[in-house]
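To keep things clear, I will list the structure first and then write my remarks on it.
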Amino acid sequence: MLAKHSSNYIHAPYWQAAIAPKKPEASINLRDLPKRADTVIVGGGYTGISAAITLARAGQKVVVFEADAFGNGASSRNGGMLGPSFSKLGENGLERQYGREQVHATIRESLAAFNWLVDFIRNEQIDCDLQICGRFRGASHPAHYAGLIEQASEIAKIVDFPAIEISRTQQGDEVGSNAYYGGVVYPTDGAVHPAKLFHGLCEIAKRDGALLFDHSPVRQVIKNNSQFNISIDDKKITADHVIIATNGYTGGPFGKFKRRLIPIRSAMIATEELPESVIRSVSPKLRCHGSTERLSVYYRPSPDGKRILFGGRSLGYGDCPQIYHKYLQNFMTRLFPQLSNAKLDYVWSGKIAYTFDHVPHIGVMDGMHYAMGYCGSGVGRANYFGRKIAQKVLDQAEGYTIFEEFPFKTRPFYTGHPWFLPAIMKWHSLADRLGF
């Protein structure tokens, strides 16, 4: 018998609890900061650590600064869903501006990024519960079904990415909800335990010689001829290159980057441990799941198959679990009445970053390299972009990416505070109700 609803949850990521005994990301004390490095990386999430691995393996002296504890940002707060993220590309708008071939190139590279990360995890033997479990994407309105099928058909003309059409009469084999009007299964999509993946990456980076400093916010970066002077409180370091890898947590002295990002808080809940029959009643094949709503939700079984993890937007700027846990729990139980009595064990949120054109960006600004703006698909994109930006620092031909062709634009008078989000959220909520 499932427990009744309870607010007696832990306000922390389920993922971090699983690796807490390992104390994985203990860093070096700032008093041991060297005076010089080849490259300084600002931001110790997936992007920064992935870049550090590539640079360290190339023989560089690499220093990574993280303003908080390592692993406390979105890299260990996300849903752990892994795929090429075609649905997150602003395909129609990009095609109008840049042409069909350039958009097709982003699709091909997005699949290459996914395949690269899966291969990297396997080759490095990172213990992160990698599963190629597939993903069901449900049509949230009758009019959305044809669009899902059309999108899958168009993508199949560009890349080898299988998709299986699922009618409404068949969807019971994929999802235990009557809220959808059919959908598509992408059988080669996957999932990971995001905190275990992050921990594994940090261990590799440290083993290969990168220096990791946590609770070390960068206060100032000054370009001095061909070098950079970086200040961290009363400490300073000089470097030939700087990489900005702060994504949804961009701030401080990096206003030019902040003006090009739309930080959005994403939240998740994790149920108590449930009987296998209940888990299977939600996700019969233990897949990842998503939908076509504008205010999309996503969900999956935990890697051990004992909980349902359910995520979506938090409906506000701050970390207010008393608000978003109710919204997500209500959404979850509308989709799955069989979870109405399941209590929550974990509730948490983190910040992601969207861009104005819905694509990630990579390049150089004011002499500093950057990679950011993953639009809610940071597991695959951030690791891949971290490698790419490191290759660009190394001036390697492999560092080229089609995404550097897109200008990183802002909007007039935008400072990085998305004051317009509440109105946009209300519009998207209305559009979801009307099926737009």
Side-chain angles (χ1 to χ4, degrees), residues 1-11 14 79-81 133-145 148 166-185 191 266-315 320-349 425 428-436:
M1 183 71 177
L2 300 181
K4 293 291 184 182
H5 280 179
S6 169
S7 59
N8 189 28
Y9 52 76
I10 298 171
H11 179 209
Y14 160 74
M81 295 167 64
C133 54
R135 176 169 60 98
F136 172 79
R137 189 174 183 214
S140 302
H141 188 273
H144 296 177
Y145 181 66
L148 276 174
I166 304 295
S167 69
R168 193 173 193 188
T169 58
Q170 297 170 316
Q171 73 183 22
D173 293 334
E174 297 292 342
V175 64
S177 175
N178 294 321
Y180 299 116
Y181 298 86
V184 172
V185 166
S266 191
M268 291 197 73
I269 56 178
T271 68
E272 63 181 325
E273 292 191 1
L274 303 170
E276 182 182 1
S277 60
V278 176
I279 298 292
R280 294 276 183 177
S281 78
V282 172
S283 181
K285 297 178 181 177
L286 304 181
R287 299 196 192 277
C288 295
H289 296 263
S291 59
T292 58
E293 291 112 342
R294 291 167 178 258
L295 296 181
S296 60
V297 295
Y298 49 93
Y299 47 96
R300 57 170 289 197
S302 57
D304 61 8
K306 295 181 179 180
R307 305 173 190 268
I308 294 295
L309 312 178
F310 195 93
R313 300 295 168 254
S314 71
L315 304 180
C320 302
Q322 69 278 13
I323 297 174
Y324 60 70
H325 99 265
K326 293 179 181 178
Y327 163 73
L328 290 175
Q329 191 168 29
N330 288 338
F331 206 133
M332 180 179 72
T333 55
R334 285 200 305 273
L335 287 176
F336 303 105
Q338 62 268 47
L339 298 180
S340 295
N341 291 327
K343 82 176 189 70
L344 305 183
D345 276 354
Y346 297 91
V347 173
W348 71 96
S349 73
M425 292 292 190
H428 285 323
S429 178
L430 175 63
D432 282 340
R433 290 198 297 272
L434 298 177
F436 292 171

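Counted within 6.0 Å of CD on Q170, heavy atoms from surrounding residues, nucleotides or ligands total more than 12; the atom is thus considered enclosed.
Atoms OG and CG, from S349 and L328 in turn, are 10.0 Å apart once rounded to the nearest 0.5 Å. Of the inter-residue distances, the one linking R334 atom CZ with S340 atom OG reads 11.5 Å to the nearest 0.5 angstrom. With rounding to the nearest 0.5 angstrom, the CZ atom of R287 is 16.0 Å from the CZ atom of R137. Interatomic distance, L274 CG to K343 NZ, rounded to the nearest 0.5 Å: 10.0 Å.
Contact between V347 and Y324 at its shortest, heavy atoms only, is CG1-CE1, 3.3 Å. S302 and L309 get closest at one heavy-atom pair: CA-CD1, 3.9 Å. In plain terms, the two heavy atoms of G182 and Q171 that are nearest each other are N-OE1, 2.8 Å. Nearest heavy atoms, H289 versus E174: CE1-O, 3.1 Å. Summarising the geometry of Q338 relative to S281, their closest heavy-atom pair is NE2-O, 3.1 Å, with the distance given to 0.1 Å.
In this pair, F331 and Y327 present their aromatic rings perpendicular. The plane angle is above 60°, beyond the 30 to 60° band.
Counting heavy atoms from C-beta on, the side chains of V278 and F336 never come closer than 4.5 Å. Counting heavy atoms from C-beta on, the side chains of W348 and Y14 come closer than 4.5 Å. Between M268 and Y298 there is a side-chain heavy-atom pair separated by less than 4.5 Å. Counting heavy atoms from C-beta outward, R300 and P303 have side chains that approach closer than 4.5 Å. Inter-residue side-chain proximity for I308 and I279 is flagged as met; some heavy-atom pair is nearer than 4.5 Å. Side-chain contact check for T292 versus H141: every heavy-atom pair is 4.5 Å or farther apart. At least one side-chain heavy atom of F310 sits under 4.5 Å from a side-chain heavy atom of L335. Inter-residue side-chain proximity for V297 and S291 is flagged as met; some heavy-atom pair is nearer than 4.5 Å.
Side chain of T333 to main chain of N330: a donor-acceptor pair is present (N/O by atom type, distance under 3.5 Å, no hydrogens or angles). With hydrogens and angles ignored, the 3.5 Å screen pairs no side-chain donor or acceptor of Q329 with any backbone N or O of L344. A donor-acceptor contact shorter than 3.5 Å links the side chain of R168 to the backbone of Y180. Of the possible donor and acceptor atoms, none in the side chain of E272 sits under 3.5 Å from a partner among the backbone N and O of D345. Using modelled atom types, one side-chain atom of R307 and one backbone atom of T271 make a donor-acceptor pair closer than 3.5 Å.
S266 and R313 are linked by a side-chain donor-acceptor pair at a separation below 3.5 angstrom, with hydrogens and angles left out of the test.
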Start with the C-alpha gap between Y299 and V175, add the side-chain angles, then the distance that decides, and say whether side-chain contact (heavy atoms from CB on, under 4.5 Å) holds.
CA-CA 11 Å; Y299 47 96; V175 64; 3.7 Å; yes
